[in-house]
A.B. asks: 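Quick one: the structure is below, questions incoming.
Note: hydrogens, waters and symmetry copies are ignored here, and every other heavy atom, side chains too, is used. In what follows, every chain begins at residue 1, and chains take the letters A, B, ... in the order their sequences are listed.
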Protein chains: 2
Amino acid sequence: MSVSQVSLFNEHSRIVQALYYNESLSSTDISVFIGKSIPHTIKVLNELVKDGCIELRGYASSSGGRRPMKYSLVADDHFIISVAMSQFNMRIAALDMNNRFINEGTEHYFDIHHLQADELIHYINTFIQEAGLNKNNVLGVGITMPGFIDPDKGINYSFLEIPNQSLVEYMQQNIGLPVFIENDSTAIALGEQKFGVARQQNDALIVNLGWGIGLGMIVDGKIFRGHSGLAGEFSHIPIVKNGKLCLCGKHGCLETESSLIAIAAKANAEIEQGQTSSLVKYEQIDADAIIKEAIKGDTLSVKLISEAAYTVGQGIAILIHILNPAVIVLSGKASVVGRLWLSPIQQAINEHCIPRLAHGTELLISDLNDKAQLIGGAVLVVENIGEPLSKKLNELKKEVSI
Amino acid sequence: MSVSQVSLFNEHSRIVQALYYNESLSSTDISVFIGKSIPHTIKVLNELVKDGCIELRGYASSSGGRRPMKYSLVADDHFIISVAMSQFNMRIAALDMNNRFINEGTEHYFDIHHLQADELIHYINTFIQEAGLNKNNVLGVGITMPGFIDPDKGINYSFLEIPNQSLVEYMQQNIGLPVFIENDSTAIALGEQKFGVARQQNDALIVNLGWGIGLGMIVDGKIFRGHSGLAGEFSHIPIVKNGKLCLCGKHGCLETESSLIAIAAKANAEIEQGQTSSLVKYEQIDADAIIKEAIKGDTLSVKLISEAAYTVGQGIAILIHILNPAVIVLSGKASVVGRLWLSPIQQAINEHCIPRLAHGTELLISDLNDKAQLIGGAVLVVENIGEPLSKKLNELKKEVSI
DNA sequence: AAAACTTTTTAAAATTTTAAAAAATGTTTG
DNA sequence: CAAACATTTTTTAAAATTTTAAAAAGTTTT
């Protein structure tokens, strides 16, 4: 493949991206998106129509002038596999080029600490087979999971380490498709940015209310990772004075007070002390139980979530001062009870932010619910088509600093 | 001026930028910097040599092959005026195209709350005249000052407001040169990034230890401002439990404990309570007095700075978790006693950061000292040549979002 | 029905890159 | 010690790409 073909391919992929994020666009829109002239854009669009991956969808309306042609992706020309993992489970789904789920997907349970890459590969290959997908029509597999992940090198440093090889390389060899990996919170942020309430936002913070408190940051329209990929360690900022030792070894981390794990621990303690609550009927009081009872209105569950939320709000107040985001999105597992989190967090923001900042920041609840991570996995693939890992690694090596 | 000429001009200005930040570069270096092919780069370079703003500086060494020609800016072809203001004073200096001060500069004292734009204009015009500079050879004037500033609109919302006009417009009309404004902490960050210890860094935090605690953030190689330009409000993050009311109206702001103003207030209180200290000899104990005595080893002064530093360190620990910077630079007025700040801050980082993050972040003291802001003002001009305000405003209006 | 406006098409012009040759220099080898 | 070779930069000319400008084609408003 010559260099000119590569750059052409990337131009194509930019157009595919534009259309994946928008049902249909005019040639002018696409021309702006890819930063090329209209004649050139139209030439490329025609090629893609001939290729069969883009179709014409009639004319858009006009405010007084010739009506523009609408271009869209052909929905079933290609598909994307998205794999969303948490510490304890994984879901696999397939999406078409209109970002729609083409089936119900499958779910598997495990403890990620004991999960083997081969198991993961087996689940994915089985899924592709059972969904009846032809691998030639699959753009790629987006795997999103907890851990400290380098998406460019294709390595998860926390889980699923493969000796002498990157996880992505190993997966690609055994699945026969392009594979991309990303951190779960980051994936949720991607999903919210492209298809959720953070759509169109260049400066957004997406809080992943889950087993821990994850944070995905969109800075200047792009996912922000920091110098060594560790940025967004929100759940370990030292702002709590409860003396509890965190798993990370430090005291005072936000997650010792506000994660679902911390909330569950508190619930168990309170119940033991004889607190009345509909939680008593559970054999093991875990996050799912608390969320379930909180929805039903159990006082203790609601109280515990509210308290945790206020502490998270204090942390968010600090984030706002430093990053001045346009929106903050509450997403992730626990955001299904988003209403319960919202007002304590908003109150903490009002109490701890300078007014100009508090007013300039919108606090929103995800409307993607538990789909955010799966959608983020699909976005991950779309964002990376046209940039195979090998090319990225070459760039990393070349990187010249003047 | 046709559009093609504009883009050519911007290409020229990219080359000027590359050479302003580097004493000399080869055509290959410049080609990489501006992202164009070597033949094209050499063509443009020849034009600039003919123009007289770039000169040849002989050959660089080679690791085995033809030696590359070194290109440099002609030092006295153009000059830059930099104006560095604080709340209480301003310095004016002129720099040549090698980033060297061409004279001693001048200094004026005032309270910025009562400063008039006309006064500022008078100082600048007088300076240019007395320095014997021809305005045709001055690239522009970079004014850096406290306040909430929108550099694109050319407005300082906190000070020096001009009715019905932007400050920059007014200044340009009365000085007859391109004028650019920027926040003081941001300017210091620019200076440190291009010429200081944060050189080459894409992810750096520059702490401006001054009357307040300023913060300039370099994210992905660029100054980060947030959604509405308020990012980096480090001095108002709520992390102190001292009950003191901050000027911003909130309790618990970092600056109630750690700014030079807070330190001076504490010193006065301690002296009144009969503490022994070489500070007693001062009529008014202000920041300058404390810095002076701390250098001499006065126990009280050192103690107060150390305490403040530890609190700043707690704040920095939070910044590190969120932003994962490669380096943190202590700069600004109070960084002349940088050694005193260093170890309490480092200790707070070690205590409050997860180890992987603490180890990945270098804490450095500025070597530009009080020159950082002036140099930042010059960088401000260099960064903006080729992009006149009017063009920027047009772009702001056009900004299409898909 | 004319005027105003927007999108699309076309063809010429301008820009930029590619590829190959030439020039210059350090390293290796006989 | 010099010739051969590997490397790197510079030059050249042809090829490819992309843009500009102007004309044409549709729509809405007046």
A.B. asks: Kindly indicate, with the supporting measurements, whether the criterion salt bridge (charged side-chain N to carboxylate O under 4.0 Å, His left out) is fulfilled by B:Arg225 and B:Glu182.
C.D. replies: CA-CA 11 Å; B:Arg225 300 174 191 286; B:Glu182 183 55 275; 2.6 Å; yes

A.B. asks: Any donor-acceptor pair under 3.5 Å linking the side-chain atoms of B:Tyr21 with those of B:Gln200?
C.D. replies: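 Per modelled atom types, B:Gln200 and B:Tyr21 side chains form no pair under 3.5 Å.
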
A.B. asks: Starting at atom NZ of A:Lys43, determine the distance to atom P of C:dA11, rounded to an integer number of angstrom.
C.D. replies: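 After rounding, the gap between these two atoms is 15 Å.
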
A.B. asks: To the nearest 10 degrees, what angle separates the axes at the start and end of the helix from C:dA1-D:dT30 to C:dG30-D:dC1, five pairs each?
C.D. replies: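 Taking five pairs per end, the axes differ by 10°.
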
A.B. asks: Once you round it to whole Å, what is the distance between C1' of C:dT16 and NE2 of A:His40?
C.D. replies: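 Those two atoms, NE2 and C1', are 13 Å apart.
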
A.B. asks: Rounded to the Å, how far apart are B:Lys36 NZ and D:dA16 P?
C.D. replies: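 In whole Å, D:dA16 P lies 20 Å from B:Lys36 NZ.
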
A.B. asks: Taking only nitrogen or oxygen atoms into account, show me every contact under 3.5 Å that the protein makes with nucleotides 10-12 of chain D, one pair per line with its distance.
C.D. replies:
residue, atom, partner, partner atom, Å
D:dT10, OP1, B:Met69, N, 2.7
D:dT10, OP2, B:Ser27, OG, 2.4

A.B. asks: Of all the heavy-atom pairs spanning B:Ile42 and B:Ser27, show the shortest one and how long it is.
C.D. replies: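 In terms of heavy atoms, the two residues are closest at CG1-CB, 3.8 Å.
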
A.B. asks: Minimum heavy-atom separation for B:Ser166 and B:Ile155, please, with both atom names.
C.D. replies: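 For B:Ser166 and B:Ile155, the tightest heavy-atom pair comes out as CB-CG1, 3.8 Å.
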
A.B. asks: Is a side-chain donor-acceptor pair under 3.5 Å present for B:Ser24 with B:Arg57?
C.D. replies: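 Result is no, nothing qualifies.
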
A.B. asks: Using a 6.0 Å distance limit plus a 45 degree cone around the ring axis, check whether B:Lys371 lies over the aromatic ring of B:Phe101.
C.D. replies: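 Yes, a cation-pi geometry.
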
A.B. asks: Rounded to whole Å, how long is the line connecting atom CD1 of B:Ile34 with atom C1' of C:dT17?
C.D. replies: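 So the CD1-C1' distance, B:Ile34 to C:dT17, works out to 13 Å.
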
A.B. asks: Any idea which heavy atoms bring B:Gly377 and B:Ser82 closest together, and the distance?
C.D. replies: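 Scanning both residues, the minimum pair turns out to be CA-OG, 3.4 Å.
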
A.B. asks: At their closest point, which heavy atom of B:Gln201 faces which heavy atom of B:Gln193, and how far apart are they?
C.D. replies: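 Closest approach of B:Gln201 to B:Gln193, heavy atoms only: O-NE2, 3.8 Å.
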
